[in-house]
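Below, chain A is the first sequence line, B the second, and so on; all start at residue 1.
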Protein chains: 2
Amino acid sequence: MTKYVSLLKNSGLKSTFQRIHMLENIASCGHMSIDDIYEKVVKIHPSLSLATVYKNIILMVEKGVLTEVPITGKKSKYELSKEDHIHLICIACGKVEDKPHNLHINTICTSMSKEENFVLNKQQINLYGKCITCHATPNV
Amino acid sequence: MTKYVSLLKNSGLKSTFQRIHMLENIASCGHMSIDDIYEKVVKIHPSLSLATVYKNIILMVEKGVLTEVPITGKKSKYELSKEDHIHLICIACGKVEDKPHNLHINTICTSMSKEENFVLNKQQINLYGKCITCHATPNV
DNA sequence: CTCTGTGCAAAGCGTTTGCAAACGA
DNA sequence: TCGTTTGCAAACGCTTTGCACAGAG
């Protein structure tokens with residue numbers, strides 16, 4: 001709670017009820033689309049406007065508080081910015097799970113960037129497939 | 001040329017002027033947005049409709065001829081489907097470059113999926129940063 | 001000849017914008 | 001109090017849809 005107040009303050013954003021609860025929900029769900037966020041927060045703050053969610057997402061991505069996770073064939077999800085990691089994305093249920101970022105991959109990506117004189121900024125490694133649950137129940 | 005005729009046929013799609021030239025342009029540019037494609041093809045086929053481009057993109061992605069490359073903060077680009085590889089995406093000029101997919105990465109991703117009982121389907125590894133050209137000229 | 005694909009125009013939606021009121025610091 | 005943020009409603013722009021005609025096989 002207080003965590004997000006200072007996170008916002010450090011990013012030069014005022015801490016409002018809307019922003020704090022957007023961050024809390026994103027933190028607890030891990031990855032959420034705009035609509036997911038709106039639906040969650042509007043429950044505890046019925047006058048919330050979707051436009052407010054959009055404005056804040058744009059602002060918090062700009063400030064580096066949130067990171068967009070673009071997903072093939074679907075709408076982007078958003079997560080709290082953190083160290084590089086790998087996303088396991090279920091193509092059936094849409095769930096996104098984090099896996100710690102293997103050191104070897106980091107090394108390979110870094111040296112690859114050097115070879116190309118590419119000034120590396122951010123890595124996004126997405127593995128698409130079926131989570132164990134969806135794989136077990138193919139007809140849903 | 002004939003290449004795309006058979007690629008389309010094998011995918012169960014009729015080979016039309018529009019589709020062949022969409023594929024030719026995507027092949028020669030590597031990665032294109034919907035608008036890029038439309039602008040290129042409309043030059044040699046002025047009556048082309050943007051709706052046709054949309055319809056064909058959807059169809060060809062479904063059939064596996066094309067692959068969508070979703071990019072943080074931008075519109076998706078499309079490429080001819082091919083073996084897994086890595087994208088170097090310039091956050092300044094938007095250029096996308098392919099790098100061969102390192103065997104080690106493949107191994108790591110595969111074993112990681114196994115650990116999680118995740119049935120791996122497709123990998124998308126995107127490295128965001130600045131290409132050497134944009135890095136040299138920061139004020140554009 | 002038949003079925004698929006195209007082009008046009010309209011409809012649909014997700015996203016953005018402008019502005020007055022509410023709010024945080 | 002002052003600058004920022006919110007909520008609403010309208011505007012926007014990308015994408016999809018329906019339909020009649022054209023084209024591929």
Inset, instruction - Report yes if a side-chain nitrogen or oxygen of A:Arg19 is closer than 4.0 Å to either non-bridging phosphate oxygen (OP1 or OP2) of C:dG24; otherwise report no. - result: no
Inset, instruction - Between A:Leu59 and A:Pro46, just flag the one whose closest nucleotide in DNA chain D comes earlier from the 5' side. - result: A:Leu59
Legend entry - Atom pair distance, as rounded to whole Å: CD1 in B:Ile57 and C1' in C:dG5: 15 Å
Legend entry - A:Glu62 CD - C:dT16 C1' separation (whole Å): 13 Å
Inset, instruction - Identify the residue among A:Leu50, A:Ile37, A:Leu48 that makes a side chain to side chain contact (heavy atoms under 4.5 Å, CB included) with A:Val42. - result: A:Leu48
Legend entry - Euclidean distance, atom NZ of residue B:Lys74 to atom P of D:dC14 [Å, nearest integer]: 16 Å
Legend entry - Exercise: do B:His31 and B:Asp98 side chains pair donor with acceptor under 3.5 Å: yes
Inset, instruction - Specify the separation, in whole Å, of atom CG of A:Leu13 and atom P of D:dT5. - result: 6 Å
Inset, instruction - Take atom NZ of A:Lys14 and atom P of C:dA25, then tell me their distance rounded to the nearest Å. - result: 7 Å
Legend entry - Between D:dG13 (C1') and B:Lys75 (NZ): distance, integer Å: 9 Å
Legend entry - B:Glu79 and B:His87: side chain donor to acceptor below 3.5 Å: yes
Inset, instruction - Check whether any side-chain nitrogen or oxygen of B:Thr52 sits under 4.0 Å from OP1 or OP2 of C:dG7, and answer yes or no. - result: yes
Inset, instruction - Would you mind classifying the nucleic acid contact of A:Asp35 as base, sugar-phosphate or nothing, using non-hydrogen atoms under 4.0 angstrom? - result: nothing
Legend entry - Nucleotide nearest B:Leu48 (side chain, heavy atoms from C-beta), chosen from C:dG7, D:dG3, C:dT6: C:dG7
Inset, instruction - Could you tell me whether the phosphate oxygens of D:dG7, OP1 or OP2, come under 4.0 Å of any side-chain nitrogen or oxygen in A:His45? - result: yes
Inset, instruction - May I ask you to evaluate whether B:Ser15 reaches the phosphate of D:dG25, defined as a side-chain N or O under 4.0 Å from OP1 or OP2? - result: yes
Inset, instruction - For the residue pair B:Ser76 and B:Glu68, confirm or rule out a side-chain donor-acceptor distance under 3.5 Å. - result: yes
Legend entry - A:His101 and its side-chain hydrogen bond (donor to acceptor under 3.5 Å, both in side chains) partner, picked from A:Glu83, A:Lys82, A:Gln123: A:Gln123
Inset, instruction - Round to the nearest Å and state the distance from B:Met22 atom CE to C:dG5 atom P. - result: 13 Å
Inset, instruction - State whether the distance check finds a donor on one side and an acceptor on the other, under 3.5 Å, for side chain A:Lys55 versus base D:dG7. - result: yes
Legend entry - Earlier contact from the 5' end, DNA chain D, for B:Ala51 and B:Thr16: B:Ala51
Inset, instruction - Report which part of the nucleic acid A:Ile34 touches: base, sugar-phosphate, or nothing (heavy-atom distance under 4.0 Å, all strands). - result: nothing
Inset, instruction - Tell me which nucleotide among C:dG7, C:dG24, D:dG7 gets nearest to the side chain of B:Ser47. - result: C:dG7
Legend entry - Residue-phosphate contact under 4.0 Å: B:Gln18 side-chain N/O, C:dG7 OP1/OP2: yes
Legend entry - Atom-pair distance (NE2 on B:His21; C1' on C:dT6), nearest Å: 15 Å
